[in-house]
Amino acid sequence: MGRDRVVRIGLLGFGTIGSSVYRLINKEHDQILEGTGVDLRVAKVLEIDPKKRPADVPEGLFTADFADILNDPDIDIVVEVIGGTTFAFDFLDAAMRAGKNVVTANKQLLASRGQSLFELAGDEGRHLRFEAAVAGAIPIIKVMRESMIAAGIKTVYGIVNGTTNYILTKMYADEGDYADILKKAQELGYAEADPTADVGGGDAAAKMAILGSIAFHSRVKLTDVAYEGIQNVTLGDVRYAKDLGFVVKLIGAARLIDGQVSVRVFPALVPEQHPLASINGANNAVFLQGDEIGEIMLMGPGAGGQQTATAVVSDIVSITNTKDVGFLQSCSCYRALGFYPADEVESAFFIKTNVEDVSGVLARIASVFGDHGVSIASMIQKGRGAEAELVLITHPTKEKNFFAAIADMKALNCCTSEPMTLRVL
Ligand code: HSE
């Protein structure tokens, strides 16, 4: 075919994603060539760990020196899948300065040091593509940057961490408490040996920073995202939520409120009938609301080498086929919006606490909420005497008013346990 063109890839890292990218490029080589005229070849792989160099991959492909990729004029695209925010930054920076387009799956890097990389890409006229950085195989970056450009997106809700969604799904199915399920997930290799980034919400926060930046065309860094994890969610909370018709999920919420940006991650009660409530196991989903579109949800595998590799390869092929690089080459953050104050955000809340089962307690609690303008939507008391447990759900209210009411409720001294609070979507 006359239009056939060889495109050589320098791959940084041969771990789970890197090796999957290599195998996918080889597996789909002929189909991509036939369909696009691009003859994709992995020319060199940077991998310093000999244990990560499998016997069925030609040893001559590997190097331990990044300069072998940087200084090879025949390498067109550098794919970074080593992770971390230091070497990965230096390699991408140097590759773009050396005239190469780059692809990365590194959400922590983009959410913390993305701005200077995007500025460099714009200055040097390079592509910096990152479909694999958020929600694995789900093509959410392409959809938000291109397909939704006229959609007027105002809200992005995401289930963007598979580990936590897996744990919460098992808790909902009553298969154990948080600690048991996390332990089993680690034994099965579904959860990392150090699960902090996943269960603590940091992984989801980095992904939501990226989605928020794209949605509102204004830079959101990891440090701009207030996040909580699921470590304090108990089986009891999940059971209560279920009784009340809710599913507990770790939700990322990026919203445009009065022209300002709010991006947060928190465990929340999601009504059973909401599309996000049906996202089970390690799957991810992104739910978009916009002026022109109403609601759209994309769901699918958010992790896994093979799955994530499809996003990397789609970026590579897209770069090779974009003759007029146009707007995709420049950073989409062309605005500098402010951030909406966290305590002014309106949320509905679930509260669970143990109370003294004596007359007047409910009235005193209700009056505290009333004093702060917090309206109660429903209330259940379970058990009696010392066992009495009170569950309240509020109407949406400013968070500062809600937390002021909680402080006053605690001061009443009729709560016999620390109140547990969760937001309600
Ligand atoms: N550890 C992540 C998750 C996948 O559990 O979803 C990679 O970001």
Side-chain angles (χ1 to χ4, degrees), residues 2-14 17-18 21-22 24-26 29 32-33 36-48 60-107 109-110 112-133 141-142 145-146 210 214 219 309 311-334:
R3 66 192 175 123
D4 290 359
R5 184 159 57 96
V6 176
V7 172
R8 291 185 180 78
I9 312 295
L11 191 54
L12 311 183
F14 210 70
I17 301 176
V21 168
Y22 171 79
L24 189 63
I25 286 177
N26 289 340
H29 175 272
I32 291 171
L33 178 62
T36 66
V38 174
D39 179 353
L40 279 188
R41 300 183 192 174
V42 175
K44 205 130 247 101
V45 179
L46 176 71
E47 180 53 71
I48 52 171
L61 211 55
F62 290 105
T63 176
D65 186 356
F66 175 61
D68 289 342
I69 291 174
L70 185 68
N71 299 327
D72 183 340
D74 291 333
I75 290 183
D76 307 285
I77 299 176
V78 169
V79 174
E80 183 275 309
V81 282
I82 52 172
T85 56
T86 49
F87 290 121
F89 179 93
D90 295 343
F91 292 162
L92 290 179
D93 182 279
M96 287 192 281
R97 290 182 197 279
K100 301 179 193 309
N101 291 309
V102 297
V103 176
T104 178
N106 194 331
K107 67 220 147 228
L109 174 64
L110 295 181
S112 57
R113 306 182 69 187
Q115 184 166 1
S116 61
L117 289 174
F118 284 112
E119 282 172 2
L120 179 65
D123 293 347
E124 297 284 332
R126 309 283 169 248
H127 282 281
L128 165 53
R129 297 293 192 92
F130 52 96
E131 185 64 70
I141 305 296
K142 187 175 179 69
R145 286 200 73 180
E146 298 180 49
I210 295 171
I214 296 172
R219 172 93 30 222
V312 172
V313 175
S314 87
D315 274 345
I316 294 170
V317 174
S318 171
I319 290 172
T320 63
N321 277 283
T322 312
K323 290 218 168 50
D324 174 10
V325 290
F327 76 98
L328 284 181
Q329 195 173 24
S330 33
C331 181
S332 64
C333 295
Y334 48 78

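In this text the structure is predicted, and so the values were computed from the model without any measurement. In what follows, every heavy atom counts, from backbone to side chain, and hydrogens, waters and symmetry copies are set aside.
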**Report entry** Heavy-atom side-chain proximity of Val38 to Ile316 below 4.5 angstrom
**Finding:**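 Heavy-atom side-chain distance check fails, nothing below 4.5 Å.
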Query raised in the report: Is there side-chain contact between Phe91 and Val78, with at least one heavy-atom pair below 4.5 Å?
Result: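 Sidechains of Val78 and Phe91: no contact.
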Of all heavy-atom pairs between [X] and [Y], which one has the smallest distance, and what is that distance?
X	Y	answer
Asp72	Lys100	O-NZ, 2.9 Å
Gly18	Val81	CA-CG2, 3.6 Å
Leu110	Ala133	CD1-CB, 4.3 Å
Leu11	Tyr22	CD2-CB, 4.1 Å
Phe62	Glu47	CD2-CB, 3.9 Å
Cys331	Arg219	SG-NH2, 3.1 Å

Distance (rounded to the nearest 0.5 Å) between [X] [atom1] and [Y] [atom2]:
X	Y	atom1	atom2	answer
Glu119	Cys333	CD	SG	10.0 Å
Ile82	Thr104	CD1	OG1	8.5 Å
Leu92	Leu120	CG	CG	9.5 Å
Asp65	Leu46	CG	CG	8.0 Å

Query raised in the report: How far apart are the C-alpha atoms of Glu80 and Val102, what are their side-chain angles, what is the distance that settles it, and do they pass the side chain to side chain contact (heavy atoms under 4.5 Å, CB included) test?
Result: CA-CA 8 Å; Glu80 183 275 309; Val102 297; over 6 Å; no
**Report entry** Test log, rule ring-ring contact (aromatic ring centres under 6.0 Å, His included), inputs Phe87 and Phe66
**Finding:** CA-CA 10 Å; Phe87 290 121; Phe66 175 61; 10.0 Å; no
Query raised in the report: Taking Ile25 as the fixed residue, which of Ile32, Leu40, Val317, Val312 is the one that meets the side chain to side chain contact (heavy atoms under 4.5 Å, CB included) rule?
Result: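 Testing each of Ile32, Leu40, Val317, Val312 against Ile25, the sole residue satisfying side chain to side chain contact (heavy atoms under 4.5 Å, CB included) is Leu40.
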Query raised in the report: For Ile9, which of Val45, Val79, Val103, Val313 qualifies under side chain to side chain contact (heavy atoms under 4.5 Å, CB included)?
Result: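 For Ile9, the side chain to side chain contact (heavy atoms under 4.5 Å, CB included) test succeeds with only one of Val45, Val79, Val103, Val313, which is Val79.
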Query raised in the report: Yes or no on side chain to side chain contact (heavy atoms under 4.5 Å, CB included) for Met96 and Leu117, after CA distance, side-chain angles and deciding distance?
Result: CA-CA 9 Å; Met96 287 192 281; Leu117 289 174; 4.0 Å; yes
Query - Passing option when Asp39 is tested against His29, Arg8, Arg5 for side-chain hydrogen bond (donor to acceptor under 3.5 Å, both in side chains) - result: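 One option only clears the test, and that one is His29.
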Requested in this report: Determine which pairs satisfy side chain to side chain donor-acceptor pair (under 3.5 Å) with at least one residue from residues 83-99, sequence neighbours left out, and list them in order.
Outcome: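 Sorted pair list: Asp93-Arg97.
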Requested in this report: List the steps, then state whether side chain to side chain contact (heavy atoms under 4.5 Å, CB included) holds for Ile77 with Thr320.
Outcome: CA-CA 9 Å; Ile77 299 176; Thr320 63; 4.0 Å; yes
**Report entry** Test item: Lys142 side-chain N/O and Glu131 main-chain N/O as donor-acceptor pair under 3.5 Å
**Finding:**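 No, because the side chain of Lys142 does not come within donor-acceptor range (under 3.5 Å) of the backbone of Glu131.
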Query raised in the report: Between Asp76 (side chain) and Val7 (backbone), is there a donor-acceptor pair under 3.5 Å?
Result: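 Pair absent, no side-chain N/O of Asp76 close to backbone of Val7.
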Report task. May I have the step-by-step check of side chain to side chain contact (heavy atoms under 4.5 Å, CB included) for Ile214 and Phe130, ending in yes or no? Result -> CA-CA 12 Å; Ile214 296 172; Phe130 52 96; 3.8 Å; yes
